[in-house]
Each structure stands twice: as C-alpha cells, then as structure tokens.
There are 2 protein chains.
Amino acid sequence: MLAEDNSIQDMLREKNIRLSHQRLMVLEYMSANHNHPTADQIFNGLKGTVPSLSKTTIYNTMDAFLEAGIIRPVNIEDNEVRYDIVTGEHGHFKCDSCGRIYDFDLDLDHLTSGQLAAFKIDSRDVYFRGTCKECLKSKS
Amino acid sequence: MLAEDNSIQDMLREKNIRLSHQRLMVLEYMSANHNHPTADQIFNGLKGTVPSLSKTTIYNTMDAFLEAGIIRPVNIEDNEVRYDIVTGEHGHFKCDSCGRIYDFDLDLDHLTSGQLAAFKIDSRDVYFRGTCKECLKSKS
DNA sequence: TACAAAATTGAATTCATTACAATTAATAAT
DNA sequence: ATTATTAATTGTAATGAATTCAATTTTGTA
Ligand SMILES: [Mn+2]
Ligand SMILES: [Mn+2]
Ligand SMILES: [Zn+2]
Ligand SMILES: [Zn+2]
C-alpha cells in the first residue's frame, strides 16, 4: 500500500511532474485499472473519493502524463480518446460486440518495408477490430 | 473522361448503391484526391461545382461507401475522421510537422502473435507518427 | 509562516458529428 | 411520358468530447 504510493510519487518526481492529490489519484487509478479508460471513466471512477474533482483536471493531468511519457493514447475509437498506462510496444483489439479492448503482443520490426527508412518515427500504433473469443462463443 | 465516369457508376451499381449526382461527385473527388480527405475537405472541394451540397450529405455518403467497402476510415487523428479510397492493406504515417499522411506497404501476416487466434478480425490498422523525410531535410 | 509559481475548478465555448423532418430526386410501374 | 413509390438531400438543431479562460486554491521553497 505505502510502497505503491511511494512508487507512484517517485514516478512523478522522476518526470519532474509536481505532486498533487489529483495527479496521484489519477495515476493510482490508471495503475489499478488497465482497461484503457476514457477521461470520463477516470473522472467517474474518482469523483466519489475526490469530490472536488473537475473533468478539466483529468484532461490537464492526461496531457501532463502524455507529455512525460507515463501513459500513451489509444485512438481505436473515433469519438473518444482512451489512455494506457502500459507504454511498452503492443497492439490493441477492440471487440465490436462487447466493446472490450484487448492487448496483444506484436513484432513491429518485421512489419515495415524500407519506405520509411528516411522518416523519423515517434510512435507506432496497431489497431485491430472484430469479435472476441468470448463473444464468438456466446453467439454459437 | 467518359470511361472514368462509367467506371465510377459501375462501382456504385455493383455495390447496390443508388446513383445520385452527389454520390458520383464525391466518388470522383475521392478517385482524384488520394490524400485521405476529411468530410470537411470533401465538402469544401465540391461545394463550388455542387452549390446545393450539404455537409450532412457528405457524412451520409461516406457512411454508405464505408458500409459497401468502397472506402475505409483513417483514424490517425483523434479529432476527425479521414477517408481512404484505397482499401487494400497498407499503413499510414502522419507527419506531425507538415500534417501530410503517407501510405506505406506492410506485411501484417508476420505481425501477430497467436494470441488472437480464436478472434474474428474484421479490420487491421497501422498508424505511425513522426517527422517525414521532407520536413527533416528542411530543418537541417 | 509567507511568497511565487503552478495546478485546480467550473462555466462558457468550440467543433466534428448526428438526429430529424421537410423537400427533392431517382427508380419502377402504368 | 406521367405517376407513384421509395430513397436521398438539405438545413437546422442537438449532441458530446475536448478546449479556453479567469478566478481560486494548492504546491514547493525560502
Ligand atoms: Mn494496452
Ligand atoms: Mn491510405
Ligand atoms: Zn467481445
Ligand atoms: Zn512533413
């Protein structure tokens, strides 16, 4: 419990992000919920324990975390941004039936042709859509 | 000229999409402009020659084309949808400096691990971001 | 404790997209 | 060719995620 809190605080200090109650709570929420939440979901998940919380603070916080590389955006939906605290290389699968977003491993080194050799690549995103195993089972 | 028009009409008829002046103009625009335009860009590109055009018609038309598989969406930006008349498998690179979107070839068969073996995959999207060759050159 | 800088808050605003009902156009039947 | 049926187009209003901004509060520092 305390160890976790300290590690979260250290993570922010390492990135030169000033500590605030709201930022700690958001980061704690992201660490506990690896379900690629939207700003609205984070807000609704925290407003019970942080009554003064504003949705603008969520957006400000996500911007600060994105800038620092603590989280990364998941743009698998066209109408809202999701956030992922797992920043390592992996792909995302969105089930159009249940809405769940699955992580999957991938090997991006073998993906590209030489066409982008002279380009500076800052981020790589792989998004798949379809129907997940569970939903296929329940439809049979 | 006429040959192109006929091929465009045939493309719509094959997909059981009723012909309309607006749909033909939009499809002609998409065929002539392979730059992944937004609904707004298509609207502004056509309103000169189709004065009665409504932006709602653009959205309705894109929905019909998407449904028929004539075009595919490009969600490389979080705030607006782009459309691509090239539906074959390829990736997209967005230059954060000049805003251009580049196509590139990719080999998706070698990409995935077995984790999605039991999943039904309907669409695959690969989005890279960074700085393009031209912009790197002009900054040197 | 006191000060300066930065973060939080909420209300107002923006803007892409959608909903909807009236009008117009396209296709089929006569 | 005229009419009837059906679908598409249009403009306006509504939606909702995200942004702007100024006032207030909090944080880090001395
Ligand atoms: Mn993930
Ligand atoms: Mn393309
Ligand atoms: Zn599912
Ligand atoms: Zn560029």
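Each chain gets a letter, A, B and so on, in the order its sequence line appears, and its residues count up from 1. Worth saying up front: this structure is predicted, and the values here are computed from it rather than measured.
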Check whether more than 12 heavy atoms from other residues, nucleotides or ligands sit under 6.0 Å from atom CD of B:E89, and answer yes or no.
yes

Could you give the CG-to-C1' distance, from A:N16 to C:dA5, as a whole number of Å?
15 Å

How long is the line joining CE of A:M25 and C1' of C:dA7, in whole Å?
17 Å

Spacing of B:L24 atom CG relative to C:dA25 atom P, expressed in whole Å:
15 Å

Reading nucleotides 18-30 of chain D 5' to 3', which nucleotides get B (base under 4.0 Å from a protein heavy atom), which S (sugar-phosphate only), which -?
BBBB-----BS--

So B:L12 and B:I70, side-chain contact (heavy atoms from CB on, under 4.5 Å) or not? Walk me through it.
CA-CA 9 Å; B:L12 293 181; B:I70 293 177; 3.8 Å; yes

In terms of side-chain geometry, is the basic nitrogen of B:D84 or B:R82 positioned less than 4.0 Å from the acidic oxygen of its partner?
no

Should B:S52 be listed as having a side-chain N or O under 4.0 Å from OP1 or OP2 of D:dT10?
yes

Nearest whole angstrom, please: distance from the C1' of D:dA8 to the CD of B:E67.
16 Å

Aromatic ring pairing A:F104/A:F128, orientation class (parallel under 30°, perpendicular over 60°, tilted between):
tilted

Find the distance between CD (B:E28) and CE (B:M25) and round it off to the nearest 0.5 Å.
5.5 Å

Ring-plane angle category for A:H36 and A:H90, please: parallel below 30°, perpendicular beyond 60°, tilted otherwise.
tilted

Rounded to whole Å, how long is the line connecting atom CE of A:M62 with atom P of C:dA7?
16 Å

Separation of B:R23 atom CZ from C:dT27 atom C1', in whole Å?
13 Å

Please give, in whole Å, the distance from C:dT17 P to B:F43 CZ?
14 Å

Whole-Å distance, A:L46 CG to C:dT9 P, equals 11 Å

